[in-house]
Amino acid sequence: MTPEEFISTWKDNKLTERGGAQAHFDDLCDLLGVDKPRDPDTYCFERGAKKSDGGDGWADVWKRGYFGWENKKPGRDLDAALKQLTDYSLHLENPPLLVVSDRERIIIHTAFTGYPDEPREIHIEELVRPEKREILRWVFTDPQKLRPEKSTAAITAEAAGHFAELAKAMRDRGIDSQIVAHFLVQCLFCMFAEDETLLPNRVFANILNNAGGDVDKAGNRIGKLFTAMQKKTGGEYGDHDIAWFNGGLFKTIEVPPLIVTDLAALNAAAGNMDWRSIDPTIFGTLFERGLDPAARAPLGAHYTDTGTISKLIHPLITEPLLAEWQLVKAFIVLGRGKAKRTKEYKKARSAYQGFLQRLNHFRVLDPACGSGNFLYLSLIALRNLEKHVYIEAQELGLEPELLMQTGPHNIFGIEINEYAAELARVTVWIGDIQWCRRNGWEVARNPILRSLEGIEHRDALLNADGSEAEWPQVDVIVGNPPFLGDKMMRGELGDTYVEAVRKCYKGRVPGGADLVTYWFEKARAQIEEGLTEAAGLVATNSIRQKRNRTVLERIRMSTSIFEAWSDEDWVNEGAAVRVSLVCFGRANRTRLDGNPVAVIHADLTGSTQTDEILDLTEAQPLIANKGRSFFGICLAGPFKVDTATALEWLKDSGNPNGRPNSDVVRPIYNGSDITRRWAGNWVVDFAAMELADAADYIAPFAYVEAKVKPIRVNNNRKARAEKWWQHGEKRPAMRTSLSGLTYFIATPETAKHRFFIKFPVAVAPEHSLIVIPRQDDVTFGILSSRIHCVWALAKGGRMGFGNDPRYNASLTFETFPFPLGFDLEAKNGQYGVAFIDIAEAAAELDVWRGKWLNPEGWLDWESTPEEQKAGFPPRPIPKAEYATAWKKRTLTNLYNEMPSGLKLRQEKIDRAVAAAYGWTDYNAEMSDEEILRRLLALNRDRAAE
């Protein structure tokens with residue numbers, strides 16, 4: 001079929017909508033040279049079953065992965081046709097294109113995830129043009145060619161960048177930053193409003209254009225427009241009627257003094273981009289960083305995806321409300337009548353309207369709302385749920401409601417930063433308007449911006465007088481409270497505030513806990529007092545550790561944790577971190593990391609059996625283990641030097657005390673030196689020496705005086721400032737325990753794999769090492785066994801963005817029940833025959849690992865006379881031909897590869913240790929959960945002794 005024939009056939013065609021739809025589409029396929037819809041599974045007419053009220057199904061034409069297509073009779077409302085497609089886009093598997101046609105117009109709407117809708121309209125007369133036919137052909141053959149060039153995220157970032165530059169320029173001229181921010185937020189909303197046709201005829205852009213370089217004229221006109229938008233009855237600007245916007249955004253009007261470059265920047269922003277396309281999920285954060293001079297995170301940072309946030313919003317909002325709707329729906333199905341005037345129909349409709357009222361009154365609070373991301377996503381979840389209910393109610397034959405019941409009134413927030421609080425309101429307003437436009441619902445009127453007084457600018461924890469702040473009564477609490485650890489709180493918030501918070505919440509939140517834990521405790525109290533049903537909050541994954549976990553233990557005492565994601569990727573102010581997502585309160589199901597469990601414990605582990613709950617938080621420190629493991633020394637200053645410097649000092653014999661510098665200079669190892677290779681660092685260590693004694697070691701002391709003293713004398717810890725030549729934490733108990741030993745056992749606090757090594761006692765262990773002052777192979781074997789490592793992983797948890805297992809001296813070592821008969825007092829390991837197999841297997845493993853790490857013939861071993869005399873281990877120097885290969889021979893790589901030689905020796909240790917416990921049924925297939933169950937039982941028995 002030629003274009004002329006097609007136009008002749010279908011222009012002014014009088015066929016009915018139903019009579020002409022399929023014939024028109026078939027002719028269009030002939031015109032374009034594409035296949036016709038004939039496959040019900042992938043490409044067909046009338047996709048979807050008819051509704052119970054006799055209405056149309058989901059789409060007139062559907063092609064999987066390409067489009068949904070709705071046909072209407074010429075002159076009909078194509079916006080209504082688009083609404084039908086958007087209503088049923090989920091049923092249509094979310095096609096990237098939504099096409100509506102009245103046979104004389106075809107409008108192609110783009111629906112690519114993360115991209116704006118850029119409609120293309122083609123009139124029937126234009127089909128004579130090859131480029132128009134090619135666009136239509138792409139709908140059938142290659143939808144990606146119609147995807148917009150810029151994503152909504154890219155558009156938002158670009159807009160934020162322009163506004164950031166303008167805001168900085170205005171602040172640099174001495175204009176108050178809050179006045180600048182408020183004015184620019186008003187301007188950007190006007191740009192959005194006119195692109196959404198809520199302001200008529202591009203009135204704001206025309207003000208900027210028509211003012212030319214007259215900044216006073218432009219400022220006056222902008223002020224008049226803002227005033228018109230503020231008026232309750234609607235205002236006027238020139239020949240234009242201006243709708244009532246209100247909502248608080250235009251309550252205060254203060255146009256700052258403008259200059260020509262300000263007008264040019266605003267004009268460019270208004271004219272060069274489509275403000276309908278900004279992305280609310282990142283809008284507030286980006287603009288806060290641009291408008292707030294105190295914002296630390298840079299523009300262009302990454303953001304946590306909405307899929308991760310939905311792991312809180314879905315179980316808190318969508319899932320429980322959807323379950324309620326299913327009950328209402330079942331009642332409607334059982335009791336409905338076909339005629340609209342029957343009692344059954346009235347009862348069904350009443351149930352439907354009752355559920356809509358439930359949605360209308362549902363309240364969500366984010367008590368640390370920032371610039372509104374969680375609030376926006378919560379609102380969209382409510383809107384989407386109501387849309388779902390609206391569609392299903394129609395399918396059940398109920399007359400649909402014309403007005404939506406959800407909206408910005410459902411949303412409450414608390415935010416201490418004034419910039420962020422204002423942007424949170426704008427984020428919600430813009431996001432809600434976008435949702436209504438995208439889904440074919442009328443935008444709110446009179447006012448367009450519904451009040452968001454529920455988003456408050458205040459402190460969520462304290463009142464001005466130091467008393468506890470109150471939170472409003474809501475249905476659920478959701479949010480991402482600030483991630484500030486104990487050490488950072490004072491620097492960020494100040495000593496006065498930190499002390500006031502800790503005083504106010506004393507007995508409820510432990511001293512030294514992270515800031516985020518206060519939000520958990522307040523949410524728990526709201527649930528306990530009946531002021532909310534449930535809460536879902538984000539915390540760094542350290543919430544599972546002993547210091548912070550108290551708040552989760554309190555939660556479990558008064559309610560339950562019903563949904564948790566124990567360890568997730570997150571982005572905080574542009575930095576990657578690991579977080580835990582925790583939902584608690586009243587719910588009918590329990591899931592951990594997406595899987596059903598019987599219970600979730602305070603350390604965010606779970607049990608699958610209700611009859612024998614495995615709660616490792618019940619494990620108690622054992623008296624026999626107390627004081628048998630230590631953190632390494634904490635330097636708190638630049639005490640380290642390189643090997644060359646250290647060796648020079650070791651040669652020096654000119655100290656007035658007649659002592660060698662090897663007394664106070666020795667090699668130092670941290671966790672990375674164990675998992676990879678030693679970095680060659682040495683440390684100056686005056687232990688607990690007084691100043692005069694330390695000064696007699698001339699060269700090391702001069703170094704510390706020059707490098708460490710200027711830093712330490714200003715330390716906020718008095719002891720560190722006064723004793724600036726000593727390490728921050730000297731670990732005297734550890735030093736005493738190491739006395740008389742040749743070696744000690746150590747493991748990195750944080751590492752991908754849990755392994756233990758022997759170290760010469762002359763070597764200094766840094767803070768990131770856990771030190772066990774033992775040198776026997778029995779201890780080494782038990783700690784290296786799978787039985788101990790399973791306990792260590794479960795009790796220590798994980799740490800950092802790398803999600804690496806963490807070994808905790810108090811939680812992991814002190815709670816671990818060693819086999820009966822193992823004596824922690826005996827440093828040299830004098831044990832009975834039951835432990836001989838452990839010692840032999842451990843020694844074999846140690847020797848084998850050493851040969852793998854440092855193969856014979858690959859290295860030269862260097863050691864000066866001074867090092868030998870001091871007992872320092874020789875330093876390995878790889879031969880040139882083996883240097884590259886040797887660098888890869890690290891413990892991390894060894895355990896990554898887990899060669900058969902290592903695996904067999906590890907299993908030998910495991911069997912020997914299991915035998916020492918008397919576990920005759922042990923084998924490699926025994927589950928970790930069973931091992932933990934047995935160890936926990938032993939811990940309980942011994943703690944009770």
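No experiment lies behind these values; they were computed from the predicted model shown.
A donor-acceptor pair under 3.5 Å is formed between the side chain of His409 and the backbone N or O of Asn360. Under a 3.5 Å cut-off, the side chain of His601 and the backbone N or O of Gly606 do not form any donor-acceptor pair. Arg754 contributes no side-chain N or O that, together with a main-chain N or O of Leu793, makes up a donor-acceptor pair within less than 3.5 Å. Glu386 contributes a side-chain N or O that, together with a main-chain N or O of Thr406, makes up a donor-acceptor pair within less than 3.5 Å. In this structure, the side chain of Gln434 engages the main chain of Ile278 through a donor-acceptor pair within 3.5 Å. Of the possible donor and acceptor atoms, one in the side chain of Arg549 sits under 3.5 Å from a partner among the backbone N and O of Arg544. In terms of modelled atom types and a separation under 3.5 Å, the side chain of His361 and the main chain of Gln357 share a donor-acceptor contact. Proximity of a side-chain donor or acceptor of Asn410 to a complementary backbone N or O of Gly407 within less than 3.5 Å is detected. Arg556 places a side-chain N or O within donor-acceptor distance of the main-chain N or O of Ile600, the cut-off being under 3.5 Å. A donor-acceptor pair under 3.5 Å is absent between the side-chain atoms of Asn463 and the main chain of Asp465, judged by distance alone.
Ser768 is linked by a side chain to side chain contact (heavy atoms under 4.5 Å, CB included) to Asn670, counting only residues two or more places apart in sequence or in another chain. With sequence neighbours excluded, no residue forms a salt bridge (charged side-chain N to carboxylate O under 4.0 Å, His left out) with Asp279.
From Phe374, atom CZ reaches atom CD1 of Ile309 across 4.5 Å, with rounding to the nearest 0.5 Å. Once rounded to the nearest 0.5 Å, the distance linking CD of Glu521 with CD of Glu468 reads 8.0 Å. A distance of 11.5 Å separates CD of Glu814 from CG of Asn939, quoted to the nearest 0.5 Å. Interatomic distance, Ile561 CD1 to Cys583 SG, rounded to the nearest 0.5 Å: 10.0 Å. Note that CG of Asn373 is 9.5 Å distant from CG of Asp366, once rounded to the nearest 0.5 Å.
Residues Asp292 and Ser177 are not in side-chain contact: their nearest non-hydrogen atoms beyond the backbone lie 4.5 Å or more apart. Tyr518 is not listed as a side-chain neighbour of Pro481, based on a closest heavy-atom distance of 4.5 Å or more. Residues Asn417 and Glu288 are in side-chain contact: their nearest non-hydrogen atoms beyond the backbone lie under 4.5 Å apart. Side-chain atoms of Val364 and Leu382, non-hydrogen and from C-beta on, do get closer than 4.5 Å to each other. No side-chain heavy atom of Leu365 sits under 4.5 Å from any side-chain heavy atom of Thr532. Side-chain contact between Phe189 and Phe245: present, with at least one pair of heavy atoms (C-beta onward) separated by less than 4.5 Å. Annotation: side chain of Val579 is not in contact with side chain of Asn541 (no heavy-atom distance under 4.5 Å). Counting only heavy atoms from C-beta outward, the side chains of Trp325 and Ile332 approach each other to under 4.5 Å.
Shown here for Gly372 and Thr427, the closest heavy-atom pair between the two residues is O-CG2, 4.0 Å. In terms of heavy atoms, Asp593 sits closest to Ser566 at OD1-N, 2.8 Å. Of all heavy-atom pairs spanning Ala525 and Arg508, the tightest one is CB-NH2, 3.8 Å. Listed here is the closest heavy atom pair of Phe163 and Leu291: O-CD2, 4.2 Å. Scanning both residues, Ile411 and Leu452, for their nearest heavy atoms gives O-CD2, 4.4 Å. Summarising the geometry of Asn548 relative to Ala513, their closest heavy-atom pair is OD1-CA, 3.4 Å, with the distance given to 0.1 Å.
Defined by atom type and a distance below 3.5 Å, a donor-acceptor pair is present between the side-chain atoms of Gln186 and His182. Remark: the Trp565 side chain and the Thr308 side chain contain no N/O donor-acceptor pair separated by less than 3.5 Å. Asp514 and Ser542 share a side-chain donor-acceptor pair at under 3.5 Å. Between the side chains of Asp459 and Tyr497, at least one donor-acceptor pair of N or O atoms lies under 3.5 Å.
Between Trp441 and Tyr390, the distance separating the two ring centers is shorter than 6.0 angstrom.
For the pair Glu499 and Arg490, the salt-bridge criterion is met [side-chain N within less than 4.0 Å of a carboxylate O].
Under the side-chain hydrogen bond (donor to acceptor under 3.5 Å, both in side chains) rule, Trp791 has a single partner from Thr812, Asp928, Thr815, which is Thr815.
Sparse packing is recorded around CZ of Arg717, with 12 or fewer heavy atoms of other residues, nucleotides or ligands lying under 6.0 Å away.
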Listing, residues 469-476 side-chain donor-acceptor contacts under 3.5 Å, not counting sequence neighbours, or none:
{"from": "Trp471", "atom 1": "NE1", "to": "Ala460", "atom 2": "O", "distance (Å)": "2.8"}
{"from": "Asp475", "atom 1": "OD1", "to": "Arg358", "atom 2": "NH1", "distance (Å)": "3.2"}
{"from": "Asp475", "atom 1": "OD2", "to": "Arg363", "atom 2": "N", "distance (Å)": "2.7"}

